[in-house]
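Report on one structure; see the data block that follows.
Below, each value reflects all heavy atoms present in this structure, side chains not excepted, and no hydrogens, waters or symmetry copies. Whatever order the structure lists ligands and atoms in, that order sets their numbers, starting from 1.
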Amino acid sequence: MPVIESKLPHVGTTIFTTMSALAHECGAVNLGQGFPDFDCDPRLLDLMNVALRAGHNQYAPMAGVLALREAVAEKVATLYGQHYDAATEITITAGATQAIQTALTAIVHPGDEVIVFEPVYDSYEPVIRLNGGVPVYARLRAPDYRPDWNEVRALITPRTRAIMFNTPHNPTATIWPADDLHELAALLRDTNIFIISDEVYQHMIYDGARHESVARFPELAERAFVISSFGKTYHVTGWKIAYCLAPRELMNEFRKAHQYVVFCVHTPSQYALADYMAHGTHNQLAAFYQAKRDFFLQAMRGNDLHGHGLPNNGLRWLESAGTYFVSASYAQLPQFVHLSDRAFAEYLTRTVGVGCIPLSAFYHDAFDERTVRFCFAKKETTLLLAAEKLSQLFHTR
Ligand code: PMP
Ligand code: GLN
């Protein structure tokens with residue numbers, strides 16, 4: 001049998017798969033991997049049925065069903081004032097994961113450096129490496145986890161090919177305001193550096209804040225691949241459909257790679273989503289998830305919630321300004337602080353019965369601030385059950 005020389009010798013199975021499997025094995029409430037435990041709008045399911053029955057069951061156009069690209073163009077123009085041509089500047093992908101993979105593949109040459117912000121979403125770094133690139137790490141620091149632009153400036157070299165941007169940010173649940181985008185613009189002016197902007201949580205932004213899309217800033221948009229995911233926005237993460245926006249020259253290169261990764265993506269869901277987008281439900285998403293965040297945090301902090309009055313579990317909750325995640329620190333709990341965040345996450349899953357994600361999984365050096373991430377995209381009954389289980393935290397050890 002030939003010996004395979006791994007291209008990713010240090011990569012194992014993703015933390016999301018690992019923690020979901022453990023939660024399943026233990027029968028724990030799974031607040032680890034980010035996905036809703038409720039169904040999508042039944043109208044979307046009906047539209048899928050219509051699309052299937054209408055015979056939309058063969059290959060879609062390589063760049064995606066035109067009606068869906070047009071609906072995306074209209075939404076982006078309305079929200080961010082930037083006009084992308086549906087024919088040449090928008091491509092429908094198999095999830096944001098593929099869009100990120102394809103954008104990186106289109107631009108990264110062996111030896112190129114790509115700056116990422118740590119903690120960093122887990123798919124970026126392996127794809128940079130698969131293309132022969134070198135990830136370069138800029139650190140987001142507690143408590144606000146905003147980019148340190150002086151640090152980023154110092155990391156730029158003649159080999160810097162791209163910067164991965166991600167707001168609202170997974171896993172820190174921070175949002176990066178317009179100031180950060182102005183800093184980014186100033187930094188990249190007169191360079192040949194591209195931006196890959198991961199905006200899958202663009203509609204999950206709270207307390208009246210505005211999402212600062214890279215698409216809003218012409219100076220940034222001209223060098224950017226902007227990526228979002230229908231899976232997040234419409235509660236259908238399993239459909240794996242997303243889109244990428246980029247100026248024509250960039251999109252041309254993107255499509256050269258895209259056509260040989262998937263050629264095209266699932267046809268009927270594209271028709272269903274194209275029709276469904278006319279309902280504009282993305283506009284209600286922020287209020288919907290803000291209510292879940294508040295419900296979850298009240299329950300976790302032990303405030304009287306619908307008369308449940310759970311005792312405080314002692315975790316210290318970080319801000320969640322966007323995404324459907326919120327993290328908690330246990331550094332202040334003497335009985336647990338000696339545990340690594342992986343050990344603590346495993347303890348919570350196995351013994352307390354609540355699955356979560358250790359934040360060290362998002363650092364190349366396993367930096368450990370004794371913090372774990374929870375997903376609140378769940379039914380209230382699920383969130384309450386998790387809060388009840390976590391309220392036992394002090395009594396289980
Ligand atoms: N980027 C970030 C920051 C994410 O959190 C996720 C998934 N949750 C993705 C990309 C991938 O999205 P998709 O499921 O559409 O591939
Ligand atoms: N993006 C999701 C999260 O952060 C997980 C997606 C996946 O499992 N790859 O939880």
Any N/O pair T237/ligand 1 closer than 3.5 Å = no
Sequence neighbours left out, what pairs pass ring pair (Phe, Tyr, Trp, His ring centres under 6.0 Å) with at least one residue falling in residues 79-116?
-> Y80-H211
F38, F374: one ILVMFWY side-chain cluster at the under-4.5 Å cut-off?
-> yes
Nearest-neighbour protein heavy atom for atom 6 (C) of ligand 2, which is reported as residue plus atom name and distance | Y121 OH, 3.5 Å
Relative to the heavy atoms of K232, which atoms of ligand 2 are at a distance of less than 4.0 Å?
-> 1 (N)
Just distances here: any N/O of G32 and N/O of ligand 2 closer than 3.5 Å?
-> no
Using a 4.0 Å heavy-atom threshold (strictly under), name the region of M19 that reaches ligand 2: side chain, backbone, both or neither.
-> neither
Shortest heavy-atom approach to atom 9 (C) of ligand 1 - which of F325, F35, Y121, W239 = Y121
Distance-only side-chain donor-acceptor flag, E125 / Y137, under 3.5 Å = yes
May I ask you to check whether Y330 and F344 place their ring centres under 6.0 Å from each other?
-> yes
Within less than 4.0 angstrom of ligand 1, does Y201 place any heavy atom?
-> yes
Test: R373 cationic atom under 6.0 Å from F362 six-membered ring centre, within 45° of axis | no
Scan I195, D198, V76, V214 and name whichever one has a side chain to side chain contact (heavy atoms under 4.5 Å, CB included) with V226.
-> V214
For Q33, take its heavy atoms, then give the atoms of ligand 2 lying under 4.0 Å from any of them.
-> 5 (C), 7 (C), 8 (O), 10 (O)
What is the closest protein heavy atom to atom 12 (O) of ligand 1, and at what distance does it sit?
-> A96 CB, 3.4 Å
Ligand 1 atoms nearer than 4.0 angstrom to some heavy atom of G95 are 15 (O), 16 (O)
Side-chain donor-acceptor pair present, T174, D144, cut-off under 3.5 Å = no
Looking only at heavy atoms, is any part of K232 under 4.0 Å from ligand 1, and if so is it the side chain, the backbone, or both, or is it neither?
-> side chain
Treating Ile, Leu, Val, Met, Phe, Trp and Tyr as nodes and any side-chain heavy-atom pair under 4.5 angstrom as an edge, say whether W239 and Y234 lie in one connected cluster.
-> yes
Give the residue, atom name and distance (to 0.1 Å) of the protein heavy atom nearest atom 11 (C) of ligand 1.
-> T97 OG1, 3.3 Å
Region of N170 that comes within reach of ligand 2 [heavy atoms, distance under 4.0 Å] | side chain
Selection residues 338-358 - residue pairs positive for salt bridge (charged side-chain N to carboxylate O under 4.0 Å, His left out), sequence neighbours left out | E25-R350, E346-R350
Is the closest side-chain heavy-atom distance between E89 and Q82 below 4.5 Å?
-> no
Considering distance alone, does some N or O of D198 sit under 3.5 Å from an N or O of ligand 1?
-> yes
Nearest non-hydrogen protein atom to atom 14 (O) of ligand 1, with distance, is K240 NZ, 3.2 Å
Determine whether the side chain, the backbone, both or neither of N170 has a heavy atom under 4.0 Å from any heavy atom of ligand 1.
-> side chain
Numbered in order shown, the ligand 2 atoms found under 4.0 Å of a heavy atom of F325 are 3 (C), 4 (O), 10 (O)
